There are 2 protein chains.
Amino acid sequence: MSEEPIHTQHRAPTIYEVAAKAGVSIKTVSRVLNREPNVRPAVHDRVTQAVSALGYRPRTSARGLAGGRSFTLVTYLDESLTLEHWRIDRSNPYVERLQFGGMMACREAGYHLLFELLDANAQGAEAAMMSTLSALNPDGVILTPPISDNQRVMKLLTRMGTPFARLSAIKTDIPCLSVTMDEKAGAFEATEHLISLGHRRIGFIAGTPALSSSHAREAGFLAALAKYGLALEKNYLCQGDYTYEGGKAAARRLLQQANPPSAIFAANDEMALGIIHVASEHGVEVPLDLSVVGFDDFQAARYSLPSLTTIRQPVGDMAAQACKRLIAHAAARDEIELNQALPVNHALLVRDSTAPPR
Amino acid sequence: MSEEPIHTQHRAPTIYEVAAKAGVSIKTVSRVLNREPNVRPAVHDRVTQAVSALGYRPRTSARGLAGGRSFTLVTYLDESLTLEHWRIDRSNPYVERLQFGGMMACREAGYHLLFELLDANAQGAEAAMMSTLSALNPDGVILTPPISDNQRVMKLLTRMGTPFARLSAIKTDIPCLSVTMDEKAGAFEATEHLISLGHRRIGFIAGTPALSSSHAREAGFLAALAKYGLALEKNYLCQGDYTYEGGKAAARRLLQQANPPSAIFAANDEMALGIIHVASEHGVEVPLDLSVVGFDDFQAARYSLPSLTTIRQPVGDMAAQACKRLIAHAAARDEIELNQALPVNHALLVRDSTAPPR
DNA sequence: CTGAAAGCGCTAACAC
DNA sequence: GTGTTAGCGCTTTCAG
């Protein structure tokens, strides 16, 4: 090591250096940094200049320790679901969109989004949560399915006084923020689209029963059939599991019947892609011989051949909204009401996998 | 608020409470927590028990402040690339795998992985980095392409003394950790596979020129042609941009030629999927009329029809390795050597998009 | 409007 | 082996 490095900036500046440079106390710097009132414009400017001249940024850990705010939001992901996704290297568009939508919202506010895996049904779930909560002391928590429907988790968070938002969850009495699209309505529209095309024999492939979305989507499907006076053919309702392979298996069951459906609505896109592949194996042409509708609008839905008609769930926007609310709540010291259900718009995207029946 | 909540645990315990319960000083608790030596087994046990009885976890921010370790790793993502991905809602398998591989490695060590967007070529890039570095004080940084090839960024990190790992980057003299597969060899094998199938007229679609991987893959392609004495037909080398649409455009140019190739190697999977779709439009059957090879093995490569032959780049493993090294380095107080290139294995995955020429 | 002092919960030097 | 004493860099009282 040479005695005189060319540019020994090295250590990041502290609030003391800023205060010295601006000729004020550290408290005044702190006031400016946190947009507190009671600082004369002239002083404010001097501080601002010192800050940018020094390239100063308050240390997150120091702020966290002193102020009780960590500038951090934690997202809980279902552990087994996530590990399984990872193990078989499935795409995870829900998490991907959540990650980016949330990151962008946090970024604007100087926040950071962390991800934690949680097995909410395990023995030690509470302890595991307490553990990460006390280590990270997040200003808010985002719950994803199926954790977003877990009562124990919500109660613990309530008891701890940690604000939280539930994504894609069903109704509850526990006061908190909920950001959820109307899954049933989406499924209804998807089915209605098929019916309006002239389909009468419509099959449905359900998703993972542990996820509330699957039930909501099935309910929407059935509601649409009922509204248009269509009977649900025997064996047209298949159990799936939201995976590509599960979709293929269900599609085989559906298509091998004596009187197969002319259209199938899958509770998510991945299964819908499975249907298309099975159809191809069976020499069934999509959409001429069989119409297929998915749900979620995951990215591969557009790459598929034919591209997939589907319902778009705006997970990125949902996450961004949740983050913004949680951050505003933390900034306002709990004075902003969090207990509400934020409206989320979905959309039917008609692409090439649906057409009138032959 | 009632005077007597049922269960007022609320505040997370501190090291003082653990120390009191175990009948030792806080320093001893700290020793146990940090696996430092000089603690008698009996004392160690008492502390451990107190810790788990109280459900204690040290506050990350307090440790960060006092110890200078933040237990945090920061990943820099290229800002424009990421925003563009997000804007057009492309899938981002590189980031997705990076995220999970990294997260799992960090999780084991009690670390957290944060993501930051950085425009490394912008005027204020240094300031922006300094800003996040001083705010977060990360124990290590992970650089992704194309930032991982940016000299300014590497120099700044070196000057700041922040350990960093470069992913999928080309060689450099700056001492640091590098985790990179042999892209050229991968491309060579992909091309060789086509040649061994009997193809002689092979086209190539390059990726985004700003990414070094594109050049390496092109070099591998050309090397394979050279080794087997195949001439590169005129107009068989197309510029692409690593996107699905770009792949389609390039594929059209390739297939509309008087003497089109019997096989095309695309520098990534997304473009390869574009080729398959264009072929279908043109009535060209894959793989009978045209073989297609991709690169990366992103998840949709398996959902495509036909499924895609490709080269797998194990980004998740690469990220995990980088995180582990960086964490070990931080834990060992810089005594572990970081300056090396970690070997990464790739693999040719032969699926349904390649076959002998007609 | 501004500043001085007192911690936040932990680790780092040093004593013992 | 173990405890004591200082801070780390900030926010929060509470004076002026």
Side-chain angles (χ1 to χ4, degrees), chain A residues 10-47 50-51 54-72 110 131 133-137 139 330-331 333, chain B residues 10-47 50-51 54-72 110 131 133-137 139 330-331 333:
Chain A
H10 274 209
R11 249 186 61 276
T14 72
I15 196 170
Y16 285 96
E17 295 163 48
V18 176
K21 188 169 183 88
V24 296
S25 76
I26 61 165
K27 175 66 229 194
T28 299
V29 177
S30 176
R31 283 201 176 88
V32 173
L33 257 28
N34 297 301
R35 305 175 198 293
E36 285 171 32
N38 298 340
V39 180
R40 270 181 306 167
V43 177
H44 184 103
D45 285 356
R46 261 193 292 146
V47 172
V51 165
L54 260 34
Y56 170 75
R57 267 286 291 276
R59 228 66 79 247
T60 305
S61 51
R63 268 157 66 115
L65 225 207
R69 273 179 82 184
S70 61
F71 295 86
T72 292
S131 176
L133 289 180
S134 58
L136 263 14
N137 195 27
D139 295 347
R333 313 254 144 185
Chain B
H10 276 207
R11 251 186 59 276
T14 72
I15 197 172
Y16 285 96
E17 296 164 46
V18 176
K21 187 168 183 90
V24 297
S25 75
I26 59 165
K27 176 67 229 190
T28 299
V29 177
S30 176
R31 283 202 177 88
V32 173
L33 259 26
N34 297 302
R35 308 177 195 291
E36 285 170 32
N38 298 340
V39 179
R40 271 180 308 167
V43 176
H44 184 104
D45 286 355
R46 261 193 294 146
V47 172
V51 165
L54 260 32
Y56 170 76
R57 266 286 290 278
R59 228 65 80 248
T60 305
S61 51
R63 290 175 96 161
L65 226 207
R69 272 180 82 183
S70 61
F71 295 87
T72 292
S131 176
L133 289 180
S134 58
L136 264 15
N137 195 27
D139 295 348
R333 312 258 145 182

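Numbers restart at 1 for each chain; the letters A, B, ... are given by sequence-line order, proteins then strands. The figures here come from the full heavy-atom set of this structure, side chains too, leaving out hydrogens, waters and symmetry mates. Predicted model, so just to flag it, every value in this text is computed and none were measured.
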Set out, in order, the CA-CA distance, both residues' side-chain angles and the distance that settles side-chain contact (heavy atoms from CB on, under 4.5 Å) for A:Arg59 and A:Thr14, then state yes or no. CA-CA 8 Å; A:Arg59 228 66 79 247; A:Thr14 72; 4.0 Å; yes
Would you kindly say whether B:Arg57 and A:Ser131 are connected by a side-chain donor-acceptor distance under 3.5 Å? yes
I want to verify a distance call: between D:dC10, D:dG7, C:dT2, whose nearest atom is closest to the A:Val39 side chain? C:dT2
Measure the shortest side-chain to side-chain distance between B:Leu33 and B:Val51 over non-hydrogen atoms and say whether it is less than 4.5 angstrom. yes
Between D:dT2 and B:Ser25, is there an OP1 or OP2 to side-chain N/O distance shorter than 4.0 Å? no
Whole-Å distance, A:Arg35 CZ to D:dT11 P, equals 13 Å
Name the nucleic acid region contacted by A:Leu33, choosing base, sugar-phosphate or nothing; use a 4.0 angstrom heavy-atom cut-off, strictly under. nothing
Answer yes or no: does a side-chain N or O of B:Thr28 lie under 4.0 Å from OP1 or OP2 of D:dT2? no
B:Arg31 CZ to D:dT4 P: how many Å, rounded? 12 Å
Within less than 4.0 Å of OP1 or OP2 of D:dC10, is there a side-chain N or O belonging to A:Ser30? no
So, is A:Tyr16 near the phosphate of C:dA4, with a side-chain N or O under 4.0 Å from OP1 or OP2? no
Rounded to whole angstroms, how far apart are CD on B:Glu36 and C1' on D:dT2? 12 Å
5' priority, DNA chain D, between B:Pro37 and A:Arg57 [closest heavy atom]: B:Pro37
Would you say a side-chain N or O of B:Arg69 is under 4.0 Å from OP1 or OP2 of C:dT11? no
Expressed as a whole number of angstroms, how long is the span from A:Lys27:NZ to D:dT12:C1'? 6 Å
When the distance from CG of A:Leu65 to C1' of D:dT11 is rounded to whole Å, what number comes out? 10 Å
What verdict does the side-chain contact (heavy atoms from CB on, under 4.5 Å) test give for B:Lys21 and B:Val29, after you've listed the backbone C-alpha separation in whole Å, the side-chain angles of each residue and the deciding distance to 0.1 Å? CA-CA 11 Å; B:Lys21 187 168 183 90; B:Val29 177; over 6 Å; no
When the distance from CG of A:Leu136 to P of C:dC8 is rounded to whole Å, what number comes out? 21 Å
Are any non-hydrogen side-chain atoms of A:Asn34 and A:Arg63 less than 4.5 angstrom apart? yes
Rounded to whole Å, the CG-C1' distance (A:Asn38 to D:dT13) equals 15 Å
Between C:dC10 (P) and A:Arg63 (CZ): distance, integer Å: 21 Å
